[in-house]
Enquirer: 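I'd like to ask some things about the structure below.
Hydrogens, waters and symmetry mates play no part in the numbers below; they use all other heavy atoms, side chains included.
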Amino acid sequence: PFLLSAGVALASRGINNVETCADSARALEMLRERQFSVVVLDLIMPNVSGMELLEHIRREFPDVVILMLTAINEVETAVKCMQMGAFDYILKPVDHTRLVTTLKRAIEFQEMKAENRTLKKYLLGAELDHPEVFTEIITQNDRMKAIFHYMEAISPSPLPVLITGDTGVGKELIARAIHNLSGRKGELITVNVAGLDDHLFSDALFGHKKGAFTGADRDRGGLIEKAAGGTIFLDEIGDLRMESQVKLLRLLQDDSSFYPIGSDVVKRNEARVIVATNANLLELQQGGKFRKDLYYRLQTYHIKVPPLRERKDDIPALVEFFFEKAARRLAKTAPKPPKELFTLLGNYSFPGNIRELEAMIYDAISRHQTGRLSLESFREKILPEHHHEMVLGGESVVRTPEEGNGEEQRMLFPEQLPTLREMEQQLISEALKRTDGNQRQAAELIGLSRRALNNRLSRGLFTDEDEE
């Protein structure tokens, strides 16, 4: 009777992959035939006692987590079992809520051990197990490769993943790769939650019953059901309204339950949840705009995707990829990127990241006709817009409007201020260094015309007349 009632109780809480065994002598044979995560043993059993079986299992199957069932007068023995390696014990008569809670903790503990082993293997290993999954993510950067190893380690887990990073870094590509790595048979469903009010959010994710509200003329399943057995990806999670955050938190709780709008029948979530944002959730949480409990629930696994300005070694490969892609989409022959392009791009901060680089290249390929690719479209975007030349003191100087957020841009100086000669020497030297000696690009970087830079270089940067 206990085995039957326990199986029903576990199934009602979403734990379905359960095998029961009334003969303790068969337990070791079952463990040898199949892989089990958790074993629950009664201390008092015919044939082989729970303590004897514990000793055998710990020796032959050290990764299996073991729970002991014990009566009140056997607690001292149960404690001894824990010293022998049992995870926990449960008092008889068994309360089903206590059984489910303890069993879920044991499962989470076993998963954590397995993930730690896998993570250690991936982080110490040089090769990816599934490099084909990452083909859409163009990179040669070591930080990105470390992220790939981490993704392979966490992909089998059902727990939530938080992906953060600036706009345009490719967070959706990361989510898709995790889904593909997981081996889940269901779909990857993407939802942008920015701008959704609580009703739209609830209806989109959880669905509704017929008659739940005006216009609900039939039952409709939500995207959570559509993603069953797969992954649901919630983008722009930092913009989710507070009342909707409560419902998402409930979905991520231990029982993973939800109610369609207008229904009193509980349903269970069978999809993994991945969320992404370009916002700082910790700052939002501290400002009272994001729930603290949801924040910690979501960041079980956290992937921070570095911006393009921190992985500029990827620029050549990305340029080549987008040149081919743009030429194919625009039905043109892909021109060969000039060497000067890489120097120009390498000195740009890319606030729009990879998406901005792709847009730049599409614009350049669209304008390109024949011959050498012009860099003018890139200069229009990389150098401040509407740049123009003015003549001051007989020299042509490039003037550009101020970029940015209205804050004063300040430079840090040493206590002993450098002379103007020293400052100009350092500035021009740095500009030439960043452009690999290309004088035209160096001049553009520091707001001079090429002729003005040549004049300074030819006369040794500064003359006595300049100082007077």
Enquirer: Compare every heavy atom of Phe378 with every heavy atom of Ala364, then report the nearest pair and how far apart it is.
Expert: CB-CE1, 3.4 Å

Enquirer: Any donor-acceptor pair under 3.5 Å linking the side-chain atoms of Asn192 with those of Asp235?
Expert: no

Enquirer: Which value, rounded to the nearest 0.5 Å, describes the distance between Thr135 atom OG1 and Leu173 atom CG?
Expert: 10.0 Å

Enquirer: If you measure from CG on Leu4 to OG1 on Thr20, what distance do you get to the nearest 0.5 Å?
Expert: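 With rounding to 0.5 Å, CG (Leu4) is 8.5 Å from OG1 (Thr20).
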
Enquirer: Report yes or no: does Arg272 contribute a side-chain atom to a donor-acceptor pair with the main-chain N or O of Leu159 at less than 3.5 Å?
Expert: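 Yes, the answer is positive, given that a donor and an acceptor are paired below the 3.5 Å cut-off.
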
Enquirer: What heavy-atom pair brings Lys336 and Phe323 nearest, and what distance separates the two atoms?
Expert: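 Scanning both residues, the minimum pair turns out to be C-CE2, 4.4 Å.
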
Enquirer: Quick one: is the NZ or CZ of Arg105 closer than 6.0 Å to the six-membered ring centre of Phe109, and within 45° of its axis?
Expert: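 Geometry flag: not set, cation outside 6.0 Å or 45°.
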
Enquirer: Looking at Tyr89 and Met82, what are the two nearest heavy atoms and their distance?
Expert: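 Taking Tyr89 first and Met82 second, the nearest heavy atoms are CD2-SD, 3.5 Å.
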
Enquirer: Could you grab the distance from atom CG of Leu200 to atom CG of Asp197, nearest 0.5 Å is fine?
Expert: 4.0 Å

Enquirer: Under a 4.0 Å N-O cut-off, is there an ion pair linking Glu172 with Arg176?
Expert: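 So Glu172 pairs with Arg176 through a salt bridge.
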
Enquirer: Ignoring hydrogens and geometry, is there a side-chain-to-backbone donor-acceptor pair from Asp219 to Lys210 under 3.5 Å?
Expert: yes

Enquirer: Are the charged groups of Glu340 and Arg440 less than 4.0 angstrom apart, N to O?
Expert: no

Enquirer: For Lys312, does the NZ atom have more than 12 heavy-atom neighbours from other residues, nucleotides or ligands under 6.0 Å away?
Expert: yes

Enquirer: Tell me every residue that passes side chain to side chain donor-acceptor pair (under 3.5 Å) with Glu132, counting only those two or more places apart in sequence or in another chain.
Expert: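 Once residues adjacent in sequence are excluded, the partners of Glu132 under the side chain to side chain donor-acceptor pair (under 3.5 Å) criterion are His130.
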
Enquirer: Find the distance between CD1 (Ile66) and CG (Asp88) and round it off to the nearest 0.5 Å.
Expert: 12.5 Å

Enquirer: Kindly give the heavy-atom pair with the smallest separation between Thr164 and Lys171, and that separation in Å.
Expert: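 Scanning both residues completely, I find the closest heavy atoms to be C-CD, 3.9 Å.
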
Enquirer: Partners of Asn180 by side chain to side chain donor-acceptor pair (under 3.5 Å), sequence neighbours excluded?
Expert: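 Asn180 satisfies side chain to side chain donor-acceptor pair (under 3.5 Å) with no other residue.
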
Enquirer: Would you say the side-chain atoms of His179 pair up with the backbone N or O of Ser155, donor to acceptor, closer than 3.5 Å?
Expert: no

Enquirer: Could you check whether the rings of Phe148 and Phe134 sit parallel, tilted or perpendicular, using 30° and 60° as the cut-offs?
Expert: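 Because their plane-to-plane angle is under 30°, the rings of Phe148 and Phe134 count as parallel.
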
Enquirer: Are His199 and Phe213 near enough that their ring centres are under 6.0 Å apart?
Expert: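 Yes, ring centres under 6.0 Å apart.
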
Enquirer: Salt bridge or not for Glu376 and Arg367, using N-O below 4.0 Å?
Expert: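 Here Glu376 does not pair with Arg367 in a salt bridge, since their nearest N and O are not under 4.0 Å apart.
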
Enquirer: To the nearest 0.5 angstrom, please state how far the OG1 atom of Thr139 sits from the CG atom of Leu308.
Expert: 9.5 Å

